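Remember, predicted model here, so these are calculated numbers, not experimental data. Remember, it's 1-based here, ligands and their atoms both numbered in the order they're listed. Reckoned from all heavy atoms, side chains included, excluding hydrogens, waters and symmetry mates.
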Amino acid sequence: MITVNNLTMSFGGQTLFKDADLKFTGGNCYGIIGANGAGKSTFLRILCGDLEPTKGEVIIPKKTRMSVLKQDHFAYDEYTVLDTVIMGNQRLYDIMQEKDALYAKEDFSDADGERAAELEGEFAELNGWEAESEASKLIQGLGLSEDILYSQMSALSGNEKVKVLLAQALFGSPDIILLDEPTNHLDIYAIRWLEEFLAEYFGTVLVVSHDRHFLNNVCTHIVDFDYGKVKMYVGNYEFWYESSQLMQRLIKQQNKKAEEKIKELQDFISRFSANKSKSKQATSRRKLLDNAASCWTS
Ligand SMILES: Nc1ncnc2c1ncn2[C@@H]1O[C@H](COP(=O)(O)OP(=O)(O)O)[C@@H](O)[C@H]1O
Ligand SMILES: [Mg+2]
């Protein structure tokens with residue numbers, strides 16, 4: 001859960017957004033939309049603590065683990081792909097490094113033995129034994145060969161690096177995942193795989209994207225950055241788009257009779273519900289998407 005209170009961000013006297021109050025809760029996927037320069041990336045950077053807001057606060061409970069899709073394609077050049085993916089869970093990676101250093105010591109003392117036992121315990125708790133196979137699954141899901149795990153990041157092409165950094169953000173079951181334009185430079189197969197992954201994901205996902213199809217397939221909510229205001233809507237992109245178009249039409253047609261307006265709204269809702277029921281599937285996030293229409297009408 002992320003709570004955002006009264007959040008305001010200005011750069012050099014220009015306000016990007018003002019007094020945003022939002023709650024992001026577990027199990028939901030929030031699509032963040034808005035024009036270029038509206039402040040979407042800045043908003044994510046504030047959430048992950050990379051930037052200080054001008055005003056307001058972000059509250060994230062302690063022990064919540066947040067993963068962020070890294071934007072710097074050269075940051076991991078000196079590491080292997082496997083290490084880069086595992087660094088998605090920094091604590092696990094640090095434990096593995098410390099363990100390796102201990103076991104490599106020639107004068108391994110009793111104290112070292114105790115420390116090693118402690119580390120082994122935490123390693124197991126963090127699912128360390130599964131780390132390599134999880135990394136491999138993510139890498140293969142995104143369409144890369146398993147062999148690439150042992151390559152140096154510096155040897156990879158730009159598109160391969162993008163996929164590795166995405167695998168890093170998804171690695172190790174974080175409670176919150178922040179993704180800024182994750183489908184840029186991804187091929188269609190990798191995008192479909194990511195959609196499936198996010199649709200099944202238990203945690204909270206915030207994703208900035210211009211890809212309407214992608215947003216439709218993964219989002220339970222839409223957060224719209226529009227002229228300094230930030231508003232959250234229940235439902236996927238299609239529902240947000242169609243309903244905001246309809247609202248604008250109805251507002252313009254002030255003289256239209258109330259019954260006609262209600263009829264138009266009802267028609268819209270039944271059309272939307274019919275669309276959604278076709279794709280009804282068993283996962284909880286998909287159920288949430290299906291329920292979005294009824295939230296709007298109640
Ligand atoms: N560190 C910074 N210093 C000054 N201006 C910035 C900084 N970061 C972003 N901006 C400005 O804030 C605006 C919003 O940027 P950004 O959050 O990247 O928008 P979006 O991701 O919605 O396209 C842009 O006009 C950008 O130039
Ligand atoms: Mg951006």
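- Checked for salt-bridge contact, Asp100 and Lys105 miss the test: no charged N lies under 4.0 Å from a carboxylate O.
- Distances shorter than 4.0 angstrom do not occur between any heavy atom of Gly34 and any atom of ligand 1.
- The shortest distance between side-chain heavy atoms of Ser67 and Leu170 does not fall below 4.5 Å.
- Of all the atoms in ligand 1, the ones that sit under 4.0 Å from a non-hydrogen atom of Thr42 are 9 (C), 15 (O), 16 (P), 17 (O).
- For Phe197 and Trp193, the ring centers sit closer than 6.0 Å to each other.
- Looking at Gln14 next to ligand 1, no N or O pair under 3.5 Å apart turns up.
- Among the backbone and side-chain atoms of Ser41, an N, O or S atom lies under 2.8 Å from the Mg ion (ligand 2).
- The distance criterion of under 3.5 Å between nitrogen or oxygen atoms is not met by Leu16 with respect to ligand 1.
- The option from Phe43, Phe17, Phe11, Phe225 that lies nearest to atom 11 (C) of ligand 1, judged by heavy atoms, is Phe11.
- For atom 23 (O) of ligand 1, the nearest protein heavy atom (residue, atom name, distance) is Gly37 N, 2.7 Å.
- Checked against a 3.5 angstrom limit, the closest N/O atoms of Arg45 and ligand 1 fall outside it.
- Distance from atom 18 (O) of ligand 1 to its nearest protein heavy atom, with residue and atom name: Ser41 CB, 3.7 Å.
- Under the 4.5 Å side-chain heavy-atom criterion for Ile, Leu, Val, Met, Phe, Trp and Tyr, Leu44 and Leu165 are members of distinct hydrophobic clusters.
- Per-residue contacts place Ala35 under 4.0 angstrom from the following atoms of ligand 1 (heavy atoms of the residue considered): 22 (O).
- The N/O atoms of Lys40, backbone and side chain alike, include one that comes under 3.5 Å of an N/O atom in ligand 1.
- For Tyr227, the OH atom is loosely surrounded, since the number of other residues' heavy atoms within 6.0 Å does not exceed 12.
- Per-atom contact check: atom 27 (O) of ligand 1 does not touch the protein, criterion being a heavy-atom distance below 4.0 Å.
- Side chain of Arg65 to main chain of Gly172: a donor-acceptor pair is present (N/O by atom type, distance under 3.5 Å, no hydrogens or angles).
- Shown here is Phe108, whose CZ atom has more than 12 heavy atoms of other residues, nucleotides or ligands within 6.0 Å.
- A salt bridge links Arg115 and Glu118; the closest N-O separation between the charged side-chain nitrogens and carboxylate oxygens is under 4.0 Å.
- In terms of modelled atom types and a separation under 3.5 Å, the side chain of Asn236 and the main chain of Phe239 share a donor-acceptor contact.
- Residue Asn36 has at least one heavy-atom neighbour below 4.0 Å for each of these atoms of ligand 1: 23 (O).
- For the ligand labelled ligand 1, residue Gly12 lies outside the 4.0 Å heavy-atom shell.
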